[in-house]
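Reckoned from all heavy atoms, side chains included, excluding hydrogens, waters and symmetry mates. Reminder, nothing fancy here: chain letters follow the sequence lines and each chain counts from 1.
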Amino acid sequence: MPELPDVEGFRRVLDEHTGEPIESVSVYDAGVLRGVTPRRLRAALRGHRFEAARRRGKWLIAPAEGPVVLIHFGMTGSLSWHPADEPRDRFVRVVWRLRDGELRYGDMRKLKGIHLAADAADAPRVLGDLGPDALDVSRDRLAGLLAGRRGRLKTTLTDQSVIAGLGNLLADEICWRARINPLRTAGDLDPPEQAALHRAMRRVLRASVEAERVPPRATWLTGARDDPDPVCPRCGTHLTSRRLSGRRTVWCPRCQPA
DNA sequence: AGGATTGTTATTAA
DNA sequence: GTTAATAACAATCC
């Protein structure tokens, strides 16, 4: 699931548990460790405290008094806080034990996972080529990011090197809210359309961050898209669905004409 | 059984 | 250089 709002929720979880020393780090499945061994992860973090957690796009960035933990949640990752004696489900892959409980990284599919940077200066190496966080993109900046792009709008919005944080559900939701067809060429939007897209992005993100997910409300595309015979929550027209570079894309042919 | 799934990346092709 | 499509990664659900 994790797109920007979900990861923002994980960031809050971590932020509530800064300041206490990490008593132990347990790796139950090293398959989620990327470029670091369990031994090195333990050695780098034991006795350290997590500091204020940050997020960039879908990355959670957790400095720990020197070393920096960077987590990408893939499609099924999560971070949650539990009492140490609460039974762990079988998808818990890594546990950071603190004084009053533990942080658990769970991940069913293990598509991405946990990286370790030596220090803050080393963190960009892990993040790679990331565009600005979607929450930091102004209207003018959005126009600049789309300018000259010949790819489709949906594909451009989900390209993390252009804008960081938008995933499949958010991109469809934003296009639907802005009443713009996701197959349009990104660079072809006129200024009023750019403004509508930006407004939709702000509103969708704000409500989603609040809910810590893209909320499947009945008045949202996300609340309708998985119905057996989905119709547009605005106008009742049957929704159109198509695969776009391997991702399901849903839109309303009436509200979002080609 | 077969197909689908909210993420990224490598590869190939146009 | 840009864009698009596909498979792969892994594990589940319908």
| Taking atom P of C:dA5 as reference, at what distance in whole Å does atom CZ of A:Arg242 sit? | 7 Å
| said: Check the phosphate of C:dA4 against A:Arg247, side-chain N and O only, distance under 4.0 Å to OP1 or OP2. Yes or no? | reply: no
| message | Under 4.0 Å, heavy atoms only, any strand: does A:Arg34 hit a base, just the sugar-phosphate, or nothing? | response | nothing
| query | Quick one: are the ring centres of A:His48 and A:Trp96 less than 6.0 Å apart? | reply | no
| field | Atom pair CD1/OG1 of A:Ile163 and A:Thr158 - distance to nearest 0.5 Å | value | 9.5 Å
| message | Tell me whether the side-chain N/O atoms of A:Lys110 come closer than 4.0 Å to OP1 or OP2 in C:dA11. | response | yes
| message | Nearest whole Å is fine: how far is B:dT8 P from A:Asp159 CG? | response | 10 Å
| request: Give the rounded distance in Å between these two atoms: CG of A:Leu111 and C1' of C:dA7. | output: 13 Å
| remark: When rounded to whole Å, the CE to P distance for the pair A:Met75 and B:dT5 reads 9 Å
| message | Within the 4.0 Å heavy-atom criterion, would you say A:Arg149 contacts the bases, only the backbone, or no part of the nucleic acid? | response | sugar-phosphate
| Roughly how many Å is it from CD in A:Gln160 to C1' in B:dG7, rounded to a whole number? | 9 Å
| task | Ignoring the backbone of A:Ser245, work out which of B:dT8, C:dT2, C:dT6 is nearest its side chain. | result | C:dT6
| message | Just to be sure I understand the rule, does A:Phe73 reach a base, reach only the sugar-phosphate, or reach nothing, if contact means heavy atoms closer than 4.0 Å? | response | nothing
| said: Under the criterion salt bridge (Lys or Arg N to Asp or Glu O under 4.0 Å), I'd like the reasoning laid out for A:Arg55 against A:Asp15: C-alpha separation, chi angles, the key distance, then a yes or no. | reply: CA-CA 11 Å; A:Arg55 182 192 55 74; A:Asp15 237 15; over 6 Å; no
| message | Side-chain N or O of A:Arg90 versus OP1/OP2 of C:dT12: is the shortest distance under 4.0 Å? | response | yes
| So, is A:His72 close to the B:dG7 phosphate, meaning a side-chain N or O under 4.0 Å from OP1 or OP2? | no
| In whole angstrom, what separates A:Leu166's CG from B:dT8's P? | 10 Å
| Whole-Å distance between B:dG3 P and A:Asp226 CG? | 20 Å
| said: Let's test this: given Watson-Crick or G-U wobble pairing with both distances under 3.5 Å, identify the partner of B:dA10. | reply: C:dT6
| request: To the nearest Å, give me how far apart CZ (A:Arg248) and C1' (B:dG7) are. | output: 16 Å
| field | Nearest-neighbour nucleotide for the A:Arg152 side chain, C:dT12, B:dT5, C:dA5 considered | value | C:dA5
| request: Determine the interatomic distance between P on C:dT6 and the same-named atom on B:dG3; round to the nearest Å. | output: 15 Å
